[in-house]
Amino acid sequence: MERNTKWALSQNIPSDIILQIGDSRFQLHKFLLVAKSGYIRSKVMESETSNLDCIDLSDMPGGEEAFEKAAKFCYGVNFEISVNNVAALRCAAEYLQMTEEYCRGNLVERTEEFINQAALKTLPGAVALLRSCEGSLLSVAEDLRIVQRSVDAISLKACNEVQFPTRSPPDWWAGELALLAPASLQKILTAMKSRGAAPKSLAAAIVAYAEKSLPDLLPLSVHASASDAGDDLRAKQRGLLGSLVSVLPADRDAPIPVGFICCLLRAAIFIEASAACRRELERRASASLDQATVADLLTITLDYAGERVADLDSVPRIVADFSERDASGGDEAVFEGSGDGGACYSSAVQKVARTVDSLMGEIAMHEELSVSKFTAIGGALPKSSRRLDDDLYRAIDIYLKAHPWLDEIEREKVCSVMDPLKLSYEARLHASQNKRLPLQIVLHALYYDQLKVRSGMEEEAGAGAGVGAGKLDTHVGRDQGIKVDVSLIRENAALRSELAKMKTYVSEMQSGGQGSGVKVGNKKSTFFSSVSRTLGKLNPFKHGSKDTSNIEDEVRLDVTKPRRRRFSVS
């Protein structure tokens, strides 16, 4: 037999039937076809003439390739049945009604025997069989249960490999699934879950599938580079990534590693995937953000080369979602402090806060990082979520050092995400000498030190006077605490008022006081004396200071001989 534009038997017997599939025409013989095909037999019997001109088989599953093999089977010509063509041949045999009713050992029986005894016996064979069913054969293959039998065989063998590996590496079975379509993978994962597969195994299958499906977009290293691709390839990758995200199992079913989710999100950002795809990945990243590292968040923030900031919108949304989820019912809360000033936080939030602060320190040196983007990351968590703001202060200091052109208002906005009263003693001492910080932040740090000194003195006095005095009345102690707070608040208000006056006076002097020849000697002396006296009350150094030799900054402090200092403005 020869196959060209026409398919004919190379014998002297003339053909008496023509079968057409698409553009191909097959000139064959009735008596050989009707002996094994019930469909062609019925078509011939329905014909009014003895010589049927043409039968259209364009809707036959498998197309002309499957019909060619079925025709060879009718003519007794040998051909090879494999895991790649048996599904199409089985669907074609069903369409042509090549069953045992018309001939013993017909094509339906032969293909079923091959599927059961060969294709489904091994995991690679079952995967190849399921893959061949995808596409135009899918609906017919599902009706014939070829898809379901393949899924059952794959899930069973995969679960067995998880428990008793037969090859190296042990997760080789996950790589075999990478050849399938996302919908087929979802069916297999569902079947594995019903068989009791561990969530870790399901996650391993998804990770291996994604890495093999998108090899140039999902390197696990932050410093890997994505290859350039055309618009057609990027469109295909967007579709594949969207399909993969849509079939990801629920978080409770398969805890996907957060680092892998971050890699998927970086790929979605790079190929400009749909907003729904990116939002779903952000939701999944926020669900396990307490397990993320700084490198995971840098994966989202930086480009593939790791040299510049590529996206600063996803991380704030991820952190905000995590904060909302934790506030609505997260881990068991931990309380620190006493009274109304106590802070409530969870261990997960504390870990995320440290990670976010470290991330801000890593990206603070990038000049393209605007003030609004920087503060959006730091402000995504509430201020009460941090026990100490030392890491956040370090990130702010790096940012101010890398952006020296910021004005006073912008520097105050940068520092607004930090609570100066939650700095450690060393950090407050460093902040009090940091010329990059706004003056208001420095005063806050000095004010807090003064409160600590006064509190320590009052506690010592109370301890000395309370020996043998018995229990104190609760209401009296509360009233005394309120009086102390009110006094401190008044002192702080007075300090702010004098600071505002000082700023106004300095502005007037700079704008024309020096050139006008106006004498301001007495006023200047009186005003600065008042400011100096007020700041002198808040001097944290008059009671001594701790060793700060381990502070890394351009400003070095000599604290070997504590002395009284006088704060003034020049």
Side-chain angles (χ1 to χ4, degrees), residues 1 19 21 26 28 31-44 55 57-160 173 176-177 179-181 183-185 187-188 190-192 194-195:
M1 296 182 182
L19 296 99
I21 302 178
F26 296 83
L28 303 174
F31 71 97
L32 292 175
L33 297 179
V34 298
K36 295 183 179 180
S37 173
Y39 180 81
I40 296 179
R41 175 181 296 187
S42 63
K43 288 294 183 180
V44 171
I55 298 178
L57 301 178
S58 297
D59 58 343
M60 190 185 74
E64 54 189 64
E65 293 185 3
F67 177 77
E68 180 182 353
K69 291 180 173 58
K72 287 182 177 180
F73 182 83
C74 294
Y75 278 86
V77 179
N78 293 329
F79 62 91
E80 181 183 5
I81 299 179
S82 66
V83 293
N84 296 318
N85 62 26
V86 67
L89 197 57
R90 173 66 181 88
C91 295
E94 186 71 19
Y95 178 86
L96 295 174
Q97 301 176 14
M98 300 178 68
T99 62
E100 296 296 296
E101 180 181 354
Y102 304 101
C103 176
R104 293 188 58 184
N106 211 342
L107 188 57
V108 170
E109 182 67 20
R110 294 285 297 274
T111 52
E112 281 290 337
E113 182 180 359
F114 183 88
I115 291 174
N116 295 328
Q117 298 184 8
L120 298 179
K121 289 297 184 181
T122 64
L123 179 61
V127 170
L129 177 62
L130 180 58
R131 186 185 180 191
S132 66
C133 295
E134 298 169 351
S136 59
L137 290 178
L138 185 59
S139 59
V140 182
E142 287 179 344
D143 294 339
L144 298 176
R145 300 192 72 255
I146 301 177
V147 173
Q148 186 60 46
R149 285 182 288 172
S150 301
V151 169
D152 292 341
I154 294 172
S155 61
L156 175 61
K157 297 181 185 304
C159 291
N160 292 337
W173 58 272
E176 293 290 331
L177 304 184
L179 302 174
L180 297 170
S184 299
L185 176 67
K187 295 177 182 178
I188 294 173
T190 303
M192 291 180 64
S194 64
R195 294 181 182 275

Study note, to complete from the structure: Applying salt bridge (charged side-chain N to carboxylate O under 4.0 Å, His left out) to Glu94 and not counting sequence neighbours gives Arg90
Check your understanding: Sequence neighbours excluded, which residues qualify as side chain to side chain donor-acceptor pair (under 3.5 Å) partners of Asn106?
Key -> none
**Study point:** Student check: side-chain heavy atoms of Trp173 and Lys157 closer than 4.5 Å
**Key:** no
Exercise for review: Quick one: pull up CD1 in Ile146 and OG1 in Thr111 and give me the separation to the nearest 0.5 Å.
Suggested key: 7.5 Å
Point to revise | For Glu113, all residues meeting side chain to side chain donor-acceptor pair (under 3.5 Å), sequence neighbours excluded | key: none
Practice item. Not counting sequence neighbours, list each pair that qualifies as a side chain to side chain donor-acceptor pair (under 3.5 Å) and has a residue in residues 121-141. Key: Glu134-Ser184
Point to revise | Set of residues satisfying side chain to side chain contact (heavy atoms under 4.5 Å, CB included) with respect to Arg104, sequence neighbours excluded | key: Glu100
Point to revise | Sequence-distant partners of Asn84, side chain to side chain donor-acceptor pair (under 3.5 Å), two or more places apart | key: none
Practice item. Could you tell me which non-hydrogen atom of Met60 sits nearest to which non-hydrogen atom of Ala66, and how far apart they are? Key: CE-C, 4.3 Å
Review point. With sequence neighbours left out, what residues match Arg149 under side chain to side chain donor-acceptor pair (under 3.5 Å)?
Key: Glu112, Asn116
Check your understanding: Given side chains that start at C-beta, do those of Asp152 and Arg195 come closer than 4.5 Å, heavy atoms only?
Key -> yes
Review point. Quick one: does Lys36's side chain get under 4.5 Å of Leu107's, heavy atoms only?
Key: no
Point to revise | SG-CD1 distance between Cys159 and Ile154, expressed to the nearest 0.5 angstrom | key: 11.5 Å
Review point. Excluding sequence neighbours, so at least two apart, what forms side chain to side chain contact (heavy atoms under 4.5 Å, CB included) with Glu142?
Key: Leu138, Val147, Lys187
Check your understanding: Who passes ring pair (Phe, Tyr, Trp, His ring centres under 6.0 Å) against Tyr95, sequence neighbours left out?
Key -> Tyr39
Review point. Shortest non-hydrogen contact from Cys74 to Met98?
Key: SG-CE, 3.6 Å
Check your understanding: Can you tell me if Ser37 uses its side chain to pair, donor with acceptor, with the backbone of Leu33 under 3.5 Å?
Key -> no
Exercise for review: Applying side chain to side chain contact (heavy atoms under 4.5 Å, CB included), name anything that partners Leu185, two or more places apart in sequence or on another chain.
Suggested key: Leu177, Leu189, Tyr209
Study note, to complete from the structure: SG (Cys91) and CG (Asp143) are apart, to the nearest 0.5 Å, by 9.0 Å
Check your understanding: In Å and rounded to the nearest 0.5 Å, what is the OG1 to CG distance from Thr99 to Leu96?
Key -> 11.0 Å
Check your understanding: If you look at every heavy atom in Gly62 and Leu137, which pair is closest and at what distance?
Key -> N-CD2, 3.6 Å
Check your understanding: Where do Phe67 and Leu19 come nearest, in terms of heavy atoms and distance?
Key -> CZ-CD2, 3.8 Å
Check your understanding: Which distance, rounded to the nearest 0.5 Å, do you find between the CD of Gln97 and the CD1 of Ile40?
Key -> 10.0 Å
Review point. Tell me, which pairs form a ring pair (Phe, Tyr, Trp, His ring centres under 6.0 Å) where one or both residues lie in residues 130-157, sequence neighbours left out?
Key: none
Exercise for review: Using the test side chain to side chain contact (heavy atoms under 4.5 Å, CB included), find all partners of Phe79 that sit at least two apart in sequence or belong to another chain.
Suggested key: Lys69, Lys72, Phe73, Ile81, Leu89
